[in-house]
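Everything on this sheet refers to the single structure shown next.
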Amino acid sequence: VQLQASGGGLVQAGGSLRLSCAASGRTFSSYHLGWFRQAPGKEREFVAAITWSGRSTLYADSVKGRFTISRDNAKNTVVLQMNSLKSEDTAVYYCATSARYTKSPYEYDYWGQGTQVTVSS
């Protein structure tokens with residue numbers, strides 16, 4: 001599976017962004033999907049995950065209630081809708097696939113190239 005993340009940009013605090021992750025490969029619908037982020041000088045951290053069916057989701061406490069993850073297996077895409085953005089959300093965001101439904105980045109094997117999100121205060 002190859003992943004391509006897009007949709008990042010510069011937004012003011014309180015604003016919204018919609019990140020997309022397009023996947024190639026026939027087995028996309030077999031994988032759980034996750035979003036992670038990494039700010040300068042910090043470790044990569046979990047943001048959200050969704051099961052292969054889309055029926056279950058997980059969120060980091062820091063984004064719960066503000067971010068929504070969804071997927072469309074027919075279009076091989078996963079979306080992260082980010083609302084009420086804060087300056088601390090500034091990071092490079094990555095999408096990734098895993099055979100396990102987990103928050104651990106070590107369980108994810110295919111990664112997209114990342115898209116920069118910058119939130120100005």
- Non-neighbouring partners of Lys42 that pass salt bridge (Lys or Arg N to Asp or Glu O under 4.0 Å), sequence neighbours left out: none

- Message: Side chains of Lys103 and Leu58, heavy atoms from C-beta outward: is any pair under 4.5 Å?
- Response: yes

- Say you draw a straight line from OG of Ser62 to NZ of Lys86; how long is it, rounded to the nearest 0.5 Å? 8.0 Å

- Item | Candidate pair Arg37 and Val117, rule side-chain contact (heavy atoms from CB on, under 4.5 Å), full reasoning | CA-CA 9 Å; Arg37 66 187 182 187; Val117 171; over 6 Å; no

- Item | Minimum heavy-atom distance Leu3-Cys95, with the two atoms named | CD1-O, 3.6 Å

- Message: Evaluate Thr68 against Leu80 for side-chain contact (heavy atoms from CB on, under 4.5 Å), listing each step before the verdict.
- Response: CA-CA 6 Å; Thr68 302; Leu80 185 68; over 6 Å; no

- Under 3.5 Å donor-acceptor, Thr90 side chain and Val119 backbone: yes

- Do Arg44 and Tyr94 come within less than 4.5 Å of each other through their side chains, counting heavy atoms only? yes

- Minimal non-hydrogen separation, Val47 against Tyr93, with atom names: CG2-CE2, 4.2 Å

- Item | For Phe67, all residues meeting ring-ring contact (aromatic ring centres under 6.0 Å, His included), sequence neighbours excluded | none

- Note on the structure: Residues at least two apart in sequence or cross-chain that pass ring-ring contact (aromatic ring centres under 6.0 Å, His included) with Phe36, listed by chain then number, are Phe46, Tyr108, Trp111

- Query: Is Gln2 atom CD crowded by more than 12 heavy atoms from other residues, nucleotides or ligands, each under 6.0 Å away?
  - Reply: no

- Of all residues at least two apart in sequence or in a different chain, which pass the side-chain hydrogen bond (donor to acceptor under 3.5 Å, both in side chains) check with Thr51? Ser53

Identify each donor-acceptor pair in which a side-chain atom of residues 7-19 lies under 3.5 Å from a protein atom, sequence neighbours left out, and give them as a table.
| residue | atom | partner | partner atom | Å |
| --- | --- | --- | --- | --- |
| Ser16 | OG | Asn83 | OD1 | 2.9 |
| Arg18 | NH1 | Gln81 | OE1 | 3.4 |

- Query: Do Asp109 and Ser98 meet the criterion of a side-chain donor-acceptor pair at a distance under 3.5 Å?
  - Reply: no

- Task: Using modelled atom types only, decide if a donor and an acceptor are shared between the side chain of Asn73 and the backbone of Phe28 within a distance under 3.5 Å.
- Result: no

- Separation between NE2 of His32 and CD of Glu107, rounded to the nearest 0.5 Å: 11.0 Å

- Item | Spacing of Tyr59 atom OH and Arg66 atom CZ [to the nearest 0.5 Å] | 12.0 Å

- Nearest-0.5 Å distance, OG of residue Ser84 to CG of residue Asp89: 9.5 Å

- Walk me through it: do Gln113 and Gln4 pass the test side-chain contact (heavy atoms from CB on, under 4.5 Å)? CA-CA 6 Å; Gln113 87 289 359; Gln4 179 78 29; 3.1 Å; yes

- Message: Taking disulfide (SG to SG under 2.5 Å) as the cut-off, I'd like each qualifying pair that reaches into residues 45-78, sequence neighbours left out, listed once.
- Response: none

- Query: Salt bridge or not for Lys64 and Asp61, using N-O below 4.0 Å?
  - Reply: yes

- Are the side chains of Cys21 and Val78 in touch, meaning some heavy atoms are under 4.5 Å apart? yes

- Within the side chain of Tyr31, is there an N or O that forms a donor-acceptor pair under 3.5 Å with the backbone of Ala96? no

- Task: Identify the heavy atoms of Ile69 and Leu33 that sit nearest to each other, and give their distance.
- Result: CD1-O, 4.1 Å

- Message: Contact between Tyr101 and Ile50 at the side-chain level, heavy atoms closer than 4.5 Å - yes or no?
- Response: no

